[in-house]
Amino acid sequence: MDNDYYNNFLAVSSDSINQHSDSFVCELKESENNTVYGNAPLLQYLSLSLKKTIENLDEELARFETNFSSNKNSIFWMTDYNDVFVFLKKIIKLHNAHSVRLPNINSSTVFRELGIKYFLQDESMRLADDADINFFAVDMMFSDTGSLLLLNQSNNTFSKLTNSAINVFFTTIDHICNSSSWAEVLQQITAYGNGGGRQDMIIFKSSNNCNNYLFIVDNQRTNLLKDSFLRKSLTCLQCGRCNDVCPVFQTIGNEPYNNVFAGPMANIILPFLESYESYKHVPYACTLCGRCEKVCPVNIPLRDLNIHVRNRLLSEGVLEKTDRRMLAVMRKFALSRKKIN
């Protein structure tokens, strides 16, 4: 890609992100459905940026915390959803809150993964647009600026962030990027997963006279971090393109997974985010055709990752004798040209 074009893109993005009022460090943008998503060289740069971030995740999270906290925001580091619920109860009690504004409850992976809807039902919290507390799912944290990327927002989200007394944000440790210059590209990629239509974007740093709480949740992702190769799966942007081209997912759909994650990426991460016993079968819900790899905007080697997971399950003795016997039969079948024909 032309270096002048790339440098110009970075300059424009940085300038637009840094334009804000002193009273409210936040900006609203609207996508124009341009061709950024189709720019392969640009996506390669994004892929490298995300991989570098994940490889240095501890440092980037620390840098984000320093920058985000400097704006008088509060961060809570959570092990799993149970820890989240414990602290949420304390915040609700502290502010004597009885209602919550919860946008994108069905489309947000973070909300569904944590089971926020069921927690609110158990606490008898009322859902309302003009609520005591605002909940937001964070699409990306930017460590260089300590800002949060909020995508697919409703028209009045900006005013809610400005005027609400309490804002609570939720994300997981892998939703982080080392440069806020990628905000608009991420907006375009995410727009695909939401039908490719017009989409609002908010970049949030802080707001005066508001209590801002951010929950950063692990939820077993450190299991993926321990494996230097599986670590690449944490750069996934959940755009959904791999699901659209996967012949297995198009046949079986979401239901067999019984999880918020489904499709080619789920085949790789679920045994580690959940348990071997419950999800040892999902890596084999794949034909290794490689279609998912070809459409991935950040070049995640999905096919090789799937093979890697299968090898780990075998080497660690997770598969039972019946599983091994079935694999032996499948191998014998695959090696026979006559039977394949």
Side-chain angles (χ1 to χ4, degrees), residues 20-30 64-65 67-78 81 83-142 145-172 175-176 183 186-187 190 194 199-217:
H20 54 74
S21 65
D22 293 332
S23 60
F24 185 63
V25 191
C26 184
E27 184 181 1
L28 177 66
K29 294 185 179 181
E30 295 179 343
F64 170 81
E65 180 178 31
N67 292 329
F68 189 71
S69 300
S70 66
N71 291 316
K72 299 181 180 180
N73 301 313
S74 300
I75 294 182
F76 296 98
W77 298 93
M78 304 282 98
Y81 57 87
D83 290 343
V84 173
F85 295 162
V86 169
F87 278 84
L88 268 182
K89 289 179 181 179
K90 293 180 180 180
I91 291 174
I92 291 172
K93 184 177 181 180
L94 174 66
H95 296 282
N96 192 29
H98 301 285
S99 59
V100 171
R101 181 178 178 270
L102 191 62
N104 308 326
I105 186 171
N106 294 319
S107 61
S108 167
T109 303
V110 173
F111 284 157
R112 288 185 288 132
E113 180 182 352
L114 298 179
I116 293 296
K117 180 171 68 173
Y118 303 107
F119 165 78
L120 295 176
Q121 290 175 353
D122 292 341
E123 295 299 310
S124 300
M125 295 292 289
R126 181 172 52 87
L127 298 181
D129 188 59
D130 187 18
D132 301 324
I133 300 180
N134 288 320
F135 280 9
F136 297 97
V138 176
D139 292 276
M140 191 66 73
M141 300 177 284
F142 295 121
T145 58
S147 56
L148 306 176
L149 179 65
L150 308 177
L151 297 173
N152 195 28
Q153 300 298 316
S154 59
N155 294 331
N156 62 349
T157 298
F158 189 87
S159 62
K160 295 298 180 182
L161 278 166
T162 311
N163 301 316
S164 174
I166 313 162
N167 297 315
V168 183
F169 304 90
F170 302 86
T171 191
T172 51
H175 281 70
I176 185 168
L186 292 168
Q187 178 191 35
T190 308
N194 289 284
Q199 185 182 54
D200 290 339
M201 174 174 76
I202 294 178
I203 300 171
F204 175 85
K205 283 188 179 179
S206 66
S207 53
N208 290 342
N209 304 317
C210 292
N211 294 285
N212 299 308
Y213 304 98
L214 171 62
F215 287 88
I216 304 178
V217 191

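We use all heavy atoms of the structure for the numbers below, so side chains are in, but hydrogens, waters and symmetry mates are not.
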ask   = At their closest point, which heavy atom of Val138 faces which heavy atom of His175, and how far apart are they?
value = O-CD2, 4.1 Å

inquiry  = If I compare all heavy atoms of Ser70 with all of Asn67, which pair ends up nearest, and what's the gap?
reply    = OG-O, 2.6 Å

query = Excluding sequence neighbours, so at least two apart, what forms side-chain contact (heavy atoms from CB on, under 4.5 Å) with Ser69?
reply = Glu65, Ile75

query = In chain order, what residues pass the side-chain contact (heavy atoms from CB on, under 4.5 Å) check against Glu113, with sequence neighbours excluded?
reply = Thr172, Asn219, Arg221, Val260, Phe261

Does [X] reach the side chain of [Y], with side-chain heavy atoms less than 4.5 Å apart?
X: Ile216; Y: Phe64; answer: yes
X: Phe215; Y: Leu88; answer: yes
X: Tyr81; Y: Asp83; answer: no
X: Thr109; Y: Arg112; answer: yes

inquiry  = Tell me if a side-chain donor or acceptor on Asp139 pairs with a main-chain N or O of Leu151 at a distance below 3.5 Å.
reply    = yes

query = Between Ser207 and Cys210, is there a donor-acceptor pair closer than 3.5 Å when you use the side chain of the first and the backbone of the second?
reply = no

inquiry  = Suppose we screen for side-chain hydrogen bond (donor to acceptor under 3.5 Å, both in side chains). Which residues come up paired with Tyr213, at least two apart in sequence or across chains?
reply    = His95

Do any side-chain atoms of residues 123-136 form donor-acceptor pairs under 3.5 angstrom with protein atoms, and if so which ones, sequence neighbours left out?
from	atom 1	to	atom 2	distance (Å)
Asp129	OD1	Arg101	NE	3.3
Asp129	OD1	Asn156	ND2	3.4
Asp129	OD2	Asn156	ND2	3.2
Asp132	OD2	His98	N	2.7
Asp132	OD2	Ser99	N	3.2
Asp132	OD2	Ser99	OG	3.4
Asn134	ND2	Lys160	O	3.3
Asn134	ND2	Ser164	OG	3.1
Asn134	ND2	Asn167	OD1	3.3

query = Excluding sequence neighbours, so at least two apart, what forms ring-ring contact (aromatic ring centres under 6.0 Å, His included) with Phe87?
reply = Phe76

ask   = Pick from Ile176, Leu214, Val217: which one makes a side-chain contact (heavy atoms from CB on, under 4.5 Å) with Thr171?
value = Leu214

task = Step through the shown structure and confirm whether more than 12 heavy atoms of other residues, nucleotides or ligands are within 6.0 Å of CZ on Phe85.
result = yes

